[in-house]
Trainee: 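Below is a structure I'd like to ask you about.
So that the names make sense, note that chain A is the first sequence line, chain B the second, and so on, each numbered from 1.
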Amino acid sequence: MITLSKISAVRNHFRATQKASLFHAFAAEADPLISLLRLLELSIETHSLKLNLQAHARAQRLGLTQHSLIAQKLIFSCCQFKRPIDAQLVFDSLSVKNAHICNTLLSGYGKSQLFIESWELFREMSNGSVLPLADDFTFSIMFKIVGDFGEVFHGRMVQGRSVKNGLVSDTVVGNSLMSMYDRCGCFDDCLKVFDEMPLRNVSSWNALISGYVKVNVENGNNSFYKYRLWDLVKGMQNDGLKFDAFTVSTLLPLCGGDAGVDNCIDKCGHGRELHSYIFKNGLDLNSSLDSGVHLGCCLIDMYSKNGKVDVGRKIFDRLKRKNVFTWTAMINGYVHCGEFDEALFLFREMQRRDGVGPNKVSLVAILPACSSFAGLLGGKQIHGFAVRRELNHELSLCNSLIDTYSKCGSLNYATQVFEHECIHKDAISWSSIVSGYGLHGQGQRAVNVFDKMLQSGIKPDTSVIVGVLSACCKSGLINDGMRIYDTIVSNYEIKPTVEMCSCMVDMFGRLGELNRAHDFIKSMPFEPGPSIWGALLCASAMHGNTEMQDVAYKSLIEIEPENSSNYIALSNLYAASKRWDVVAQVRKGMRERGLKKVPGCSWISINSATHSFFVGDKSHPCSDLIYVMLDELVSAMKLTCYNPDFVYLMEV
DNA sequence: CTAGGGTTAG
């Protein structure tokens with residue numbers, strides 16, 4: 001029973017004024033039918049389950065559950081509140097069921113991932129004996145459900161039915177059919193539908209473009225795809241259609257950044273063009289639709305990934321509507337650009353100022369910021385937060401935690417997450433823990449875990465192989481390294497990559513097996529690059545083999561004359577062997593090419609404050625004391641007859 | 001009541 005006090009409680013519940021008009025309409029309505037309808041709409045808009053249940057009771061009491069409009073709204077709202085069984089009860093009790101009502105329930109089943117139920121309902125609507133015949137809405141909904149489910153086989157059956165019913169030529173049905181094929185990984189079929197469509201709208205082109213981008217990414221892509229993609233975009237404009245928010249958000253992620261050299265349309269150039277397109281064409285970032293917020297996210301992301309996080313921030317600050325996606329995109333932007341302090345600040349602001357709770361993606365995004373400056377504590381806090389939110393078994397979060405913990409120095413925590421929290425492991429999980437062991441010099445453990453992974457039938461990918469090989473290399477496990485290398489090449493038919501080969505060269509080299517390293521280089525299935533020669537160079541210097549050193553050096557400078565690290569490494573190595581003439585020569589060569597070395601940095605966290613240091617840095621307030629202590633330590637080291645090997649300490 | 005999208009991990 002709706003009482004006045006309940007109504008005023010509802011009124012107090014509203015924060016937004018736009019809901020008030022609906023409320024007044026409801027309160028002022030004399031006709032019980034209209035009043036009930038308003039109440040139902042109100043419960044849907046305010047996401048109030050309580051109100052909805054009251055509306056439900058009222059409908060029962062007034063005997064209005066058979067009314068088609070009321071019934072439809074009841075079914076819709078039950079589905080909104082994730083109560084598909086209730087929706088089903090309302091549906092079953094109806095003596096007359098129109099197509100609208102059937103479609104509403106069908107869509108509700110889809111939203112609750114009830115594939116079998118939706119398939120059954122669709123089947124009943126197909127023969128048209130008891131339930132009304134499937135219409136254009138039915139097919140759109142069904143294509144979406146099949147797309148979610150991912151079985152193209154079912155999609156083709158639905159399509160066959162829609163051909164029979166003469167509905168494939170409908171634009172919206174065609175668009176959803178295209179999208180279904182996209183999501184089931186059948187781009188060719190998607191293209192075919194597009195070609196055969198009698199009438200296309202912006203969404204048809206969007207579906208085509210986003211399907212094309214997806215194929216592009218999955219196939220590892222090449223420039224052919226890239227040009228074809230631009231043809232599509234031009235084709236759309238030739239058709240007299242303008243980009244909408246969806247088009248722009250599909251294209252933005254391809255503008256530079258992480259998309260990789262081949263996949264990106266070009267550097268930031270097109271990104272800026274798209275940005276100005278947004279403003280010239282009045283696409284509203286503050287629109288009440290989600291598409292506006294989404295556009296903002298994509299822009300922030302695009303600028304951050306192209307190193308212009310400040311531009312991203314300006315866009316972010318101007319957004320009137322921020323949600324967890326926008327906040328996360330901004331935080332991620334700062335993390336991406338290495339501005340961890342600002343990222344952590346925003347992570348707190350998001351919750352403090354906007355009351356937006358982080359989701360699992362936000363946590364994954366902020367974790368790398370913890371793995372450096374904030375130290376172990378930050379990682380543990382995030383972990384604790386995840387446990388409280390019951391997110392700690394999420395795959396991506398576990399993977400990120402494993403990595404963070406091992407980078408913060410806590411192999412124990414990393415192992416615990418890997419073994420106890422990461423229930424479903426993927427290639428990244430294995431790779432993270434293997435690299436963790438490698439990083440901590442526990443080569444044997446890395447090898448054991450890697451072997452265990454192979455035993456459990458998981459196919460190793462490039463990253464985990466590089467991880468285990470580099471672990472072997474650091475721990476001097478030459479036999480394991482060779483065994484693993486041979487296994488993956490012969491048993492798994494994986495083509496060795498540059499990284500894998502560098503590890504092998506490094507491994508032979510460190511143990512002084514320089515000729516073996518050189519022979520390995522000659523046997524590689526591709527031309528040796530800078531990292532290969534760099535590894536050999538380092539090793540030959542380490543073992544004082546000047547002959548091999550010169551071989552490596554010459555090859556290195558030849559193929560990579562612009563990389564300052566080469567010169568620094570070289571200059572340091574010659575300095576170590578006191579060949580000062582060559583040092584001066586190398587440094588001069590660098591200056592002539594205008595190269596500068598980006599300095600490395602170390603840091604330490606004490607009582608939650610982080611102190612960072614560059615080479616020769618005197619900016620720390622306690623700098624004088626620190627250097628005095630350093631001198632004392634060096635003296636102490638010499639006194640104990642420990643002869644530090646500066647070859648290992650040199651800045652490369 | 002219908003189609004299309006977002007931020008994340010080695």
Trainee: Whole angstroms only, please: what is the CZ-P distance between A:Phe76 and B:dT2?
Mentor: 7 Å
Trainee: In terms of ring plane angle, is the pair A:Phe418 and A:Trp430 parallel, tilted or perpendicular, where the classes change at 30° and 60°?
Mentor: perpendicular
Trainee: Can you identify which nucleotide, out of B:dG4, B:dT7, B:dA3, has its nearest atom closest to the A:Asn206 side chain?
Mentor: B:dG4
Trainee: Tell me which nucleotide among B:dT7, B:dG5, B:dC1 gets nearest to the side chain of A:His100.
Mentor: B:dC1
Trainee: Relative to each other, are the rings of A:Trp119 and A:Phe122 parallel, tilted or perpendicular (30° and 60° limits)?
Mentor: tilted
Trainee: Give a yes-or-no answer on whether the side chains of A:Asp135 and A:Thr138 include a donor-acceptor pair shorter than 3.5 Å.
Mentor: yes
Trainee: Taking only side-chain nitrogens and oxygens of A:Lys305, does any of them come within less than 4.0 Å of OP1 or OP2 of B:dT7?
Mentor: no
Trainee: Looking at B:dC1, B:dG4, B:dG10, which one has an atom nearest to any side-chain atom of A:Val464?
Mentor: B:dG10
Trainee: Quick check for you: among B:dA3, B:dG6, B:dG10, whose closest atom lies nearest to any side-chain atom of A:Val293?
Mentor: B:dG6
Trainee: Report the nucleotide, chosen from B:dC1, B:dA9, B:dG4, that has the shortest atom-to-atom distance to any side-chain atom of A:Asp244.
Mentor: B:dG4
Trainee: Which of the following nucleotides, B:dG5, B:dT7, B:dG10, is nearest to the side chain of A:Asp403?
Mentor: B:dG10
Trainee: In whole Å, what is the span from the CZ atom of A:Phe243 to the P atom of B:dG4?
Mentor: 21 Å
Trainee: Answer yes if the ring centres of A:Phe81 and A:His47 are under 6.0 angstrom apart, and no otherwise.
Mentor: no
Trainee: Nearest 0.5 Å please: distance from the OH atom of A:Tyr334 over to the CG atom of A:Leu344.
Mentor: 12.5 Å
Trainee: Quick check, are the ring centers of A:Phe316 and A:Trp327 under 6.0 angstrom apart?
Mentor: yes
Trainee: With the criterion set at under 5.5 Å between ring centres and under 30 degrees between planes, would B:dC1 be stacked on A:Phe137?
Mentor: yes
Trainee: Determine the contact category for A:Ser429: base if any of its heavy atoms lies under 4.0 Å from a base atom, sugar-phosphate if only primed atoms, P, OP1 or OP2 are that close, otherwise nothing.
Mentor: nothing
Trainee: In terms of side-chain heavy atoms of A:Lys111, which of B:dT2, B:dA3, B:dG10 is nearest?
Mentor: B:dT2
Trainee: When the distance from CZ of A:Phe418 to C1' of B:dG10 is rounded to whole Å, what number comes out?
Mentor: 12 Å
Trainee: What's A:Ser249 touching, base or sugar-phosphate or nothing? Going by heavy atoms closer than 4.0 Å.
Mentor: nothing
Trainee: Check every strand shown and say whether A:Ala427 touches a base, only sugar-phosphate, or nothing at a heavy-atom separation below 4.0 Å.
Mentor: base
Trainee: With a 4.0 Å limit, can you tell me whether A:Arg183 has a side-chain N or O closer than that to the phosphate oxygens OP1/OP2 of B:dA3?
Mentor: no
Trainee: At 4.0 Å (heavy atoms only), tell me whether A:Phe325 reaches a base, stays on the sugar-phosphate, or touches nothing.
Mentor: base
Trainee: The side chain of A:Ser463 is closest to which nucleotide in this list: B:dG10, B:dG6, B:dT2?
Mentor: B:dG10
Trainee: Please report the distance, rounded to the nearest Å, between CG in A:Leu251 and P in B:dG6.
Mentor: 14 Å
Trainee: Which of these nucleotides, B:dG10, B:dA9, B:dT7, is closest to any side-chain atom of A:Ser435?
Mentor: B:dG10
Trainee: So what does A:Asn323 hit on the nucleic acid, given a heavy-atom distance under 4.0 Å: a base, only sugar-phosphate, or nothing?
Mentor: base
Trainee: Would you classify A:Ser203 as touching base, sugar-phosphate or nothing, given that sugar-phosphate means primed atoms plus P, OP1 and OP2, and contacts are heavy atoms under 4.0 Å?
Mentor: base
Trainee: Can you measure A:Asp170 atom CG to B:dT2 atom P for me and round it to whole angstrom units?
Mentor: 15 Å
Trainee: So, does the side chain of A:Asp461 form a donor-acceptor pair with the base of B:dG10 at under 3.5 Å?
Mentor: yes
Trainee: Which nucleotide wins on minimum distance to the side chain of A:Asn103, given the candidates B:dG6, B:dG10, B:dC1?
Mentor: B:dC1
Trainee: Write down the distance between NZ (A:Lys360) and P (B:dT8), rounded to a whole number of angstrom.
Mentor: 13 Å
Trainee: Would you classify A:Asp136 as touching base, sugar-phosphate or nothing, given that sugar-phosphate means primed atoms plus P, OP1 and OP2, and contacts are heavy atoms under 4.0 Å?
Mentor: nothing
Trainee: Looking at every strand, decide which applies to A:Ser176 at a 4.0 Å heavy-atom threshold: base, sugar-phosphate, or nothing.
Mentor: sugar-phosphate
Trainee: Pick base, sugar-phosphate or nothing for A:Ile141, based on heavy-atom distances below 4.0 Å to the nucleic acid.
Mentor: sugar-phosphate
Trainee: Do A:Asn399 and A:Ser396 pair up side chain to side chain, a donor and an acceptor below 3.5 Å, judged on atom types alone?
Mentor: no
